[in-house]
Amino acid sequence: MSVLDGKELRIVGFLCNWCSYGGADTAGVARATQPTDLRIIRVPCSGRVDPLFVLKALFNGADGVLVSGCHPRDCHYAAGNFYARRRLEILKRFLPVLGIDERRFAYTWVSAAEGQRWQHVVTAFTRQIHELGPAPRLEDAEPLLKVADMALTALRPLGSGQSAALDELKAAIRSKLPELDCVIGWQQGRDAAHHVPLFMRKPEDVDKLVWGPFNVNNPAVYLPSFKGKKVGVVVKGCDARSVVELLQENLIRREDVTIFSMPCEGTLDMGRVDQALGRYTAIDQVAYDEAGVTITADGRAQRFCMADWAQGKCYGCATPSAVLTDESFGASAPVEAKATTPPELAMLDAMSLEERRAFWRGQMERCLRCYACRNACPLCVCRDYCVSDSRDPHWMTQEDTVKEKLFFQTIHALHLAGRCTGCGECQRACPVGIPILALRQQISRAVGELFNGYAAGMNPQDVPPLLGYAVVEENIQEQDWK
Amino acid sequence: MRIGVFVCHCGSNIGGTVDCARVAALARDFPDVAYATDPMYTCAEPGQAAIEEAIHEYRLDGVVVASCSPRMHEPTFRRTVERAGLNRYMFEMANIREHVSWIGKDKEANTNKAAELVRLAVEKLRHNLPLAASQFDVNKRVLVIGGGVAGIQAALDCAEGGIPVVLVEREATIGGKMAKLDKTFPTVDCSACILGPKMVDVAQHPKITLYACAEVEEISGYVGNFTVKIRKRATYVDWSKCTGCGACTEKCPAKKTPDAFNEHTGTTTAINIAFPQAIPKKAVINAQYCRQLTKGKCGVCAKVCPTGAINYAMQEEIVSENVGAIVAATGYDLMDWRVYQEYGGGVYPDVITSLQYERLLSASGPTGGHVLRPSDGKEPQTVVFVQCVGSRDRSIGRPYCSGFCCMYTAKQAILTKDHIPGAQTFVFYMDIRAPGKMYDEFVRRASEEYGTEYIRGRVSQIYPDGQGRLVVKGADTLLGEQVEIKADLVVLAVGIEASKGAVNLAEKLRISYDNHGFFMESHVKLRPVETNTAGVFLAGVCQGAKDIPASVAQGSAAAAKVLTLFARDKLESDPQIAQVDIRRCVACGKCLRCCPFGAIKETEFRGETKAQVIATVCQGCGLCTSTCPQGAIQLQHATDNQILAEVNALCQC
Amino acid sequence: MKYAYYPGCSAKGSSKDYEMSTQAVCRQLDMVLEEIPGWNCCGSTPAHAVDTELSAALCARNLDIAARQGAQLLLTPCPSCLSNLRAAAQRMEKPTFRQRVNELLDEPAAETFPEVISVMQAIAREKENLVKRVRLSLKGVRLAAYYGCLMSRPAERMRFEDPENPLLMENLLAACGAEMVDFPLKTACCGAAFGIPERAMTARNSGRILELAVRLGVDAIVTACPLCQMNLDLRQTQAGRAFETRFHMPVIYYTQALGLALGFTQRELGLHKLAVSAEGLLNKLDGLRRAPAAEGGQS
Amino acid sequence: MNDTVDLNRMRDTAFTAQVEALSGQNISACYQCGNCTAGCPAGFAYDVQVSQIMRGVQLGLKDRVLRSRSLWMCLSCSTCSQRCPNNIDVAAVMETLRHMARKAGIVSVPKMEKFWLSFLNTVRLFGRSHEIGTMVLYMLRSLRLHTDVDLAPTALAKGKLGLLPHIPPGGAEPVERIFTRYKERAQREGVRP
């Protein structure tokens, strides 16, 4: 069963029980004729509307989704709609990056007395959806696989980090180690061109600690699993923001964590580096110079200049030094204060909605559903109870479709709304190199725009914007239905 | 599952534009639907009986009724299925009347839409679980906040019903605004004479504990079990010793103290009893003006007090009270009319508020009941009343009508004539709102018997003519002319606003308030005394403009609600509340941070911190559910899975 | 400090005294008023009474000249010019309106205009400076400040203090020692715009203002508007006739009053140009100044 | 004039909508309190009070409103707008109505228009306004030869009126071009310039 072909489009409404559902009733009592497309789902409060419900509907064929709650200040539950307003506004700004026209989604306020307003909203929204026509389906897009390269300049000089005070850092770790169960850092991995996490428990472990552009992993990801234990962590600037965010969310305790930090000069985009190195049997030498590193593999030397080979996130990085630290060594080069668009996002910005759908269609076809993205995310703390493979709540099917795979990414992105520090581990960990960070970046950008430049992981005392509200939102322009 | 579907015709209300039989037929193919039919009137007695029969006959374990809005009949049908032995939550409604048959003209589209809504309900029902309410004890004591006439009435009714009452009043005396009035409309009986005895009853009632000069500091807990902290301000007089003899007020040398009770129409002493009938009749020192407290020398009152009640070292005090229900009766204040610069912005002494005029009329006021104008103490011969000053004025953000000004203005015009028979009175008005019993007759008496000239129009400007009178520039829109009056006294019917601190209190009570600070009732028409926070009730003007009879009625209504609540020894909590899945919870505290009711607390579970829902506090909004990334906290009856089932029922491509 | 300056037509005609005193006072406060080159009439009431777009075009040309000079602020002494210039700038924020106005101009006007404020507002920013330079206090003189109807209304256009009760002029004059009465008709309309075609209306409105000033016993009405001044001063006899009385109320510019306090001579301030002589006021001032000198010999 | 107002026939809702659109004001917000009338300094000279004009616009009584003399007597002092409890810029409505009346060729108080046009003529000719020029032109247009001549001697003696117009340094041509374009456009659009 579905909507009447040719006449109706599929429009889903989420209405709060107290005001808007009552408003729709009032419109009915007044016999206020409305288009028949809309189907209403009754929820207790607009605050109950998880933006993912909206996405679920849109992914599964809704041509439009409308959320309506009590007017600000009139919420039956005092503040539910205030929270809803922030979350739904973020959602609205998130949709275009997926290739969904944001006009397909609207949220508004209608009181139980406003039957006329309800009639007007339904009529106007239905008309708007009819003007947009049936929603294009993700599966119908022609897959687009190309990833565009963007020319980039960094906010500070990138380098190989070899002037860092590694010895002093090691000494500091050694002196603190007796009080700590473990200190997390990096060590050489399978060869000198690959570094992996290091867990230092004994003084001799400290000797293995390395520093430089191969230190790509974010050690903060391990912290929640040490909850309750005394643990040290060596961080780059970006890692520190994850630590701050974990603190802000009560996921670790400040007194349990000792933060060691050195200013970071950038890390390499190992995906591209490995691709350039190609298949090799052995690394002969890794030689660092001030601005890059030369890797000799099977006798063939290649120089990787940091200015060209860094991870996308490093170019716009404004926090090379840790925002929160206990022991820090050295200072970073001055950072230019300038707003930048991350390269992944800039690439999507340049596309039309249709191209974006095609892009995600193509990229998601390559997704293996391995969840490496999730496992690498320092803020994915649900772990064993991730909704991706849970039955209760049952957000996703196990069907291996582009739609379900992209839906998982939207779950992850929305769960990180206002929390994601942009560390990029999800994207780095992706074995097939899908630029999924762009989804998180789009939300972070929206959060910044809406909440006066708020960035996650800067201050443990900050109230995350989606866990708060303002009675009057300065930067949210609500649709007026005139 | 075995689901029964009942597609109601509602006579022709639904049947007229929806093919109900076809909807029922379609429903038979929905998963788990064991039975579907289309009765004529499902909510009528035979219709309900048919549901009960069907439940037995077809062994149904869930019922969907497609009819009117669940806001209308959900409780009715829940009782029906309960009678037939089902859990009341194994029931869903599809709204095919207000949302379908009444708003769509196309029968085919309506029928299709109705069937879809039934399908939606069926899918939801398939994910429903039986829910059971839990029970908890009730502390049968009530807190009344505000000792105006509404609060007094609520307190007395509760006390008479046998309930211990804690009455908190911010001022030094109860009585509120009514105590300041000279006479009351439409009977022109003396305000103090009818309110006084009630005030005395409050003072003498064994069940009532009165805290005057006190304010509510903090409220925690939930219906049946609130804990309230009350801040008692320092009065510098030990009330247990003070007899109210007034010796101190006679001797106090600080005679230029502003007289708030008299609306600053006169001055008083730093130690003072607000007015002769004050309850409690106890002295209070105004610390800002007391010479002993400001300059450290005087001490006259301490010397003359026969009982040694004066205590200059007194500190404020916090007391704690446990109650099961709260009545908010915080009343109103006049808006600050000085925004009207065109009326002088408060600099002309002979432009006064209606409440100041009451004090000038009152025998206990500063002029002993002689109407003398403030500037020169002369009797005014021409008195102009201006209505709607700060009411119905969008330009200053006050679009609402203050409700009772029309009536008291008529009363004051009549009283002016009583006091000064030769006086001429004019009333500038826009509309006369006199819908109460004997009200319109009263207003007509003002013009017919007392010669009050009613002029329909607003006043544009009031200014001194330089010769001791005031020029009132207005319009008579009925005449279609500009008019001008030279007045000796101008009385402004100043609009009301929610009492200062109302918003602050609303936050403490966790009740909603409107843009103007008036408290929001649960339902404008059907639950006018309740709030959305269980156990908190409203009385009087704090909820919206109303006159004395309406305030008293609402005070009694609030008391009735309290007594109804307390009629049971145990309360049931609504099972439609959030529940934590301990395994999934990582104790990140996001739910706790955003819960509007403080209904989530941290608890220890096998050495780990977890979130826990306080069942009696949770109101069931589900904000926590949409906040928790782990899906660890689920609002019962609106779980993620239940809503997803509905979404999936609608969208599945 | 240098300011771009739009004197308005009356400065070159009927209110030369206003212009003289404004220049004198500003000079004394180190405020340099630089006339914008080639300015034209703002159109005053007749232009907007006839057509808003024409009115805006006349104003836009002046705003454009100031903008092209790089001015951030444009000062004008005349409330009518102020009102018109501000109205034009405000209306031209709407693209369709701007387009229509640009069609009337030689070339499209600058995208952003300087903010236009009254000279009075600029002087008020120099209040401390003013107080320091007062040479002859106005103590003992009783004045009524009269702003006229255009200075503060409509409020959202003019953004000039409380629209019903501006106090800027009072503050400045009180700072010079004058006693300022509360003048309830300070923003009432004197009817000047209709002085020529509708004398009765003007006489009646002006008369009301003069009558109240007389009753309040002031030595002079102090105004900021050349139209009001001319009307209340030059047409005082007409107003008197309408009220069956003879008024004798000096109506001077606030800059003339400030100028007196700053020590300028009557001639420097153009006080000789008044139709209703301010001799009484000036004599009173002289007397007041001599009195304390005679008593204590202090200056 | 005293005929029954036939609201079926005489209501012109398009007129109401047009006034709302041109003035940017919500006329239906007016609840006829009369404050605009009360404070109007020109009210005594009006044939129809401001609040009644607002009522007329609400009802769509186009003819009656546009023919009103009051439109021409408004001093544009904005007292009505300032004190309107419903935030209606009444003065803007009055001005809009006057413009509409002019464009429709209805000029109920010709001397007002004549005065304004005289004033604007001097501006067109000289780039700046000129009191004596305005007065002379106005006297010629209105044939009111006695107008204010009683004041002229005083004003001249006090050096308040310049006999010669004050022309901007760059000449008056740029201003004249504005008027020319305005006139041309008005002719093109078929309205009274």
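Both backbone and side-chain heavy atoms feed into the values below; hydrogens, waters and symmetry mates do not. This structure is a prediction, so every number in the text was calculated from the model and none was measured. Residue numbers begin at 1 in each chain, while the letters A, B, ... track the order of the sequences.
Both the backbone and the side chain of Glu481(B) come within contact range of chain D, judged by heavy atoms closer than 4.5 Å. Looking at Val483(B), there are no atoms closer than 4.5 Å to chain D (heavy atoms on both sides), in backbone or side chain. Looking at Arg398(B), there are no atoms closer than 4.5 Å to chain D (heavy atoms on both sides), in backbone or side chain.
With chain D as the partner, the residue from Arg392(B), Lys473(B), Gln482(B), Gln461(B) showing the most heavy-atom pairs under 4.5 Å is Gln482(B).
If you take CZ on Arg458(B) and OG on Ser51(D), they are separated by 13.0 Å, rounding to the nearest 0.5 Å. Here the straight-line distance linking atom CG of Asp393(B) with atom CZ of Arg83(D) works out to 12.5 Å at 0.5 Å rounding.
For residues 84-92 of chain D, the interface with chain B (any heavy-atom pair closer than 4.5 Å) comprises Cys84(D), Pro85(D), Asn86(D), Asn87(D), sorted by residue number. Interface with chain B: from residues 14-39 of chain D, residues Ala29(D), Tyr31(D), Gln32(D), Cys33(D), Gly34(D), Asn35(D), Thr37(D), Ala38(D), Gly39(D) qualify, criterion being any non-hydrogen pair under 4.5 Å.
Heavy-atom contacts from other residues, nucleotides or ligands closer than 6.0 Å to NZ of Lys62(D) number 12 or fewer. Within 6.0 Å of the CZ atom in Arg67(D), the count of heavy atoms belonging to other residues, nucleotides or ligands does not exceed 12.
Contact check for Glu342(B) versus Gln82(D): no side-chain heavy atoms found under the 4.5 Å cut-off.
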